[in-house]
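Contents: one structure, followed by commentary.
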Amino acid sequence: IHQELNLAENLTVADNLFLGRELTRGGFLRALDRRAMNARTADLLARVGLPAERAFERVERLPPGEKQLVEIARAC
């Protein structure tokens, strides 16, 4: 894990976890699969010890220790 945080402060935790590798569904016109991303986010946050409710929190509102945990979850 890098020492520098590479999180988009203005996005939610869930959006940060999937930034650049979003899950999609559908055929020709692909749409974001928010349901799948939210389920996977809850799983990733549980693995690092954060409550699932943090998924919808903007990163800028998190304390530094939780930002580090989000970065760890992103690496999983």
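Quick caveat, the model's predicted, so the values are computed rather than measured. We count residues from 1, following the sequence as given.
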Practice task
Before accepting this row, confirm whether a basic side-chain N of the pair Arg54/Glu66 lies closer than 4.0 Å to the acidic partner's carboxylate O.
Solution key: yes
Rounding to 0.5 Å, atoms NZ (Lys67) and CG (Asn16) come to a distance of 10.0 Å
Practice item. Answer with yes or no whether the hydrophobic clustering places Leu69 together with Leu11; edges join I, L, V, M, F, W, Y residues whose side-chain heavy atoms lie under 4.5 Å apart. Key: no
Could you check whether any side-chain heavy atom of Thr12 comes within less than 4.5 Å of a side-chain heavy atom of Val59, counting everything from C-beta outward?
no
Output for pair (Arg58 CZ, Leu7 CG), nearest 0.5 Å, gives 13.5 Å
Separation between CD (Glu57) and CG (Leu50), nearest 0.5 Å, reads 11.0 Å
Under 3.5 Å, which donor-acceptor pairs link side chains of residues 20-28 to any protein atom two or more places apart or in another chain?
| residue | atom | partner | partner atom | Å |
| --- | --- | --- | --- | --- |
| Arg21 | NE | Leu17 | O | 3.4 |
| Arg21 | NH2 | Leu17 | O | 2.9 |
| Arg21 | NH2 | Arg74 | O | 2.7 |
| Glu22 | OE2 | Gly20 | N | 3.2 |
| Thr24 | OG1 | Arg30 | NE | 3.4 |

Exercise for review: With the side chain counted from C-beta on, respond yes when Phe18 and Thr41 share a heavy-atom pair under 4.5 Å apart, and no when they do not.
Suggested key: yes
Quiz item: When hydrophobic residues are tied together by side-chain contacts of less than 4.5 Å, even through go-betweens, does Leu45 share a cluster with Leu19?
Solution: no
* Below 4.0 angstrom, N of the basic side chain to O of the carboxylate: do Arg34 and Asp15 qualify? -> yes
CZ (Arg40) and CG (Leu44) are apart, to the nearest 0.5 Å, by 4.0 Å
